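Notes follow once the structure below has been shown.
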Amino acid sequence: MDPNYDPQKIETKWQRRWEESKLFDADAEPGRRKYYVLEMFPYPSGALHMGHVRNYTLGDALARYMWMKGHNVLHPIGWDAFGLPAENAAIKHGRDPADWTFSNIDVMREQLKRLGVSYDWRRELATCTPEYYRWNQWFFLRMFERGLAYRKKSWVNWCPQCATVLANEQVLPSGTCWRHEDTPVVERELEQWFLKITDYAEQLLDDTQELVRWPDRVLAMQRNWIGKSLGTEVDFVVPELGEPLRIFTTRVDTIFGCTAVFLAPEHPLVSKLISHSKDPEKLRAEAERIKASAVRARVEVDLEKLGIATGFTARNPYNGELVPVWLANFILMEYGTGAVMAVPAGDQRDFDFCTKYGIPVRPVVAPLDRDLPEKLEAAYTDYGRLINSGPYTGLKSEEAIERMTKDAETKGFGKVTIQYRIKDWGISRQRYWGTPIPVVYCDGCGIVPVPDKDLPVLLPKGVKPTGEGISPLAGVPEFVNTSCPKCGGAARRETDTMDTFIDSSWYFYRYTEPNISTAATSGPAIEYWFPVDQYIGGITHATLHLIYMRFFAKVMRDIGLVKFSEPVARLFTQGMVLKDGSAMSKSKGNVVDPTEMFAKYGADTVRVYVLFAAPPERDFDWSETAIEGASRFLARVHRFVSRYADRVRSVPPQATGEGKWDLAQLALEERHLLRKAHQTLRHVTEDMEGRWHYNTDIAMTMELVNELTDLDEAIETGKVRSAVLRTALEYLVLMLSLFAPHIADELWEGLGHSEPTLRVAWPAFDPELAAEEELEMAVQVNGRLRGRIRVAVDVGEEEIRRRAQSEESVVQHLNGRQVVKIIVVPQKLVNIVVK
RNA sequence: GCGAAAGUGGCGGAAUUGGCAGACGCGCCAGACUUAGGAUCUGGUCCCGCAAGGGGUGGGGGUUCGAGUCCCCCCUUUCGCACCA
């Protein structure tokens, strides 16, 4: 190791200087164009992980570039600083959740500073403050006024490990908690507060079209999650009760093939059916059995289809036919009307069920180009032409759906309906550590919102969280017992707290002015900084935070706080950092500690490695051997630049404000060097403008270093003059400063500058210098590479044709054959087509 | 089942609009300097072949003077959603 290159020393030195000089100031010059870079809100779990390091390194490179390009850059940092893990950890360690959270923030802040991330640290924000509570509660009350926050008793997902309710979005496909992948979620029936995100389902779906700079993957996931489907509601009638039974279908064209009606076990009609049954006790017992086996919170993956006939029938309004009513365990009460028509010939699930229970199968839709077999082996689920469908026989499915729906509307037994898969957002949490929901319950007045002037409702101090599943606040009489804001009588406070996804739904507005106390956010600041130009984070929040925050934006627009509907112009989902092929996690014991890496290699090396290993959107596997390459590269740069620093310092600075180089005055080696420097600068500049394949940027700067080493002799002997060398070195250092800022500032100082790189304007590349003067063109014969010619850049096409055909290695392949045509691709290649 | 992304050397990856496949790095091989090398430097490294040459971007077909890139079919992997009617 080079004794003069000590990354630790260099990094400590510059981190101190940066902090003293308050380098990064978003409000530097109000007139400048703005750029808002945002990394996803981290949860202070106690330490940075490599995913964080990647996230911040990406954002920092972009922030530095935009700053040097002359933008005002807002690059804030904040902490999603309360929630279940804080409380669980506090219970475990017997500490106050607040202390635990804040001491973790301190640890993580130091690590980020150690990484050298260019935040404006004066804009730091944490959500566990009375002021943040106030505005969370303020938002809740505005939604309550608009009917967007409501309370209802419902079956909810419950994580026994968290001992609290989870939103649908927080339940993993495996039926487990998003924080405890080994804990199955169970259902409980509780009184809960909900936000009416379903009111915005259509907008959330429509506006995805606006998000042209979001990854398709995320938009697809969101559209899928919203799950809009257009269909028809049809009223069957149960003659025995004289009651209508409404079903929902997307395939009303198959309704003549309906041979049964299936009800969800929880369907409201079930209790009536039981009481009117000939043998109520038997039916009740069987219904209970079906209910017990039903689809629950996505826990069952391969559920056996079970059902029972109720003994009742329903009349199909299209053909007057009476079909049996069944209870079936695979019918979901939450979707549609909780009742479906069974068309075994047109739906595979219905087919399986009906075959099992001997319910008849009647084909009603056949493929356009062939007949269905005599006995169906499986349902035919595609569109086709209608058969056995009374007056609609012969129509195509599409026309039939339209005509049949219209007829239902005319005759009053059905209508067009839109169904969404997304459900309202349950925000009640039975935990201590969160924003109290600001309502009181009064025996006389019912649910009464806390008036704005009494906000914030704060958490009582000194409560020992038990983790036992009852809201801890319920055990604090001083908190619970209050007076009704309306009548003044005795009342009880709500003891649940809010989901912390509320906090993360609007934090990035508050960054623009983190300390205002007169409003949640301030209009002019938002006007200037929004939309967020670039949001960077993992894909994990595609259907969580990224949908909630879009919902919040629309509510904020309707309240009048903002004028736009979509707050984030561009989203970037970075890949994960893996270890041995799987995500790093404490339970797997494959965590790479960034602090150790900083100590071993230095932060610059870690940054360069993380960026160089793969394009940022892709997952990559952490490798201890590959990081050595990054370390060697930086050491080489340091060695080379230091070696010539003295010589270069003696000539005036070149990188900023230089005059044009006179090509004719340059030696061959000088031209080579300047060309490479400008080509590299061109590549990095263009890439920073949006492609962000930082791995190729670093590769290009490595090539520049290789070019410098190759020219070492010419440099040593002075054939490459100091002024030219200075330019190349300065460009190199400035480009490096995006990725490895500490070493860059150290070298920059060595080159004779007193200001850090962040104070330098990003240099413009010179297209003329970057262009090749002479280039090698490939010569192909019938598309196969046969030779190469060296030509001047500005040579004419005729000359190229002539040269290509006379090139020795090409001539033997032409072999006297007839030249059909010659294709010349300027600056690239020549293809001679022969017969 | 529905939706999305991807498949290139021993490895990570490059090739931005169809134009010299394998940049850059890791690893490996050889050499130099060394008491030493886990430091540094130099050279080599897609496959077959002594060579000329041939083959080559998951497989098959197509468009084109020319395809990793565009079109069609198939295979594989990853991710998301899912008894959603």
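What you see is a predicted model, and the numbers here were worked out from it, not measured in a lab. In what follows, chains carry the letters A, B, and so on, assigned in the order in which the sequence lines appear, proteins first and then strands, with residues in each chain numbered from 1.
- Distance check on atom C1': B/A21 versus B/U34 gives 40 Å, rounded to whole Å.
- Scored by the salt bridge (charged side-chain N to carboxylate O under 4.0 Å, His left out) test, A/R691 finds A/D687 as partners (sequence neighbours excluded).
- Nucleic acid contact class of A/N706 (heavy atoms, under 4.0 Å, all strands): sugar-phosphate only.
- Rounded to whole angstrom, the span from the CZ atom of A/R421 across to the C1' atom of B/G80 amounts to 10 Å.
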Show me the protein contacts with nucleotides 13-20 of chain B, counting only N or O atoms at under 3.5 Å.
from	atom 1	to	atom 2	distance (Å)
B/G13	O3'	A/N695	ND2	3.3
B/A14	OP1	A/N695	ND2	3.2
B/A14	OP2	A/R618	NH2	3.4
B/A15	OP1	A/R691	NH1	3.1
B/A15	OP1	A/R691	NH2	2.8
B/U16	O4	A/H683	NE2	3.4
B/C20	O2	A/R788	NH1	2.0
B/C20	O2	A/R788	NH2	3.0
B/C20	N3	A/R788	NH1	3.1
B/C20	N4	A/E776	O	3.2

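- Contact annotation: A/R632 reaches the phosphate of B/G27 (side-chain N/O to OP1 or OP2, under 4.0 Å).
- Nucleic acid contact for A/R636: sugar-phosphate only, since backbone atoms but no base atoms lie under 4.0 Å from a heavy atom of the residue.
- Under 4.0 Å is where a charged nitrogen must lie from a carboxylate oxygen, and between A/E617 and A/R217 no such pair does.
- Using a 4.0 Å heavy-atom distance criterion, A/G336 is classed as making no nucleic acid contact.
- Considering only side-chain N and O atoms, A/R786 lies under 4.0 angstrom from the phosphate OP1 or OP2 of B/G54.
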Symbol by symbol from the 5' end, with Watson-Crick or G-U pairs under 3.5 Å, [ ] crossing and | another strand, RNA chain B is (((((((..(((......[....)))((((((.......))))))(((....)))..(((((..]....))))))))))))....
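- Atom CZ of A/R223 and atom C1' of B/G3 are 11 Å apart (whole Å).
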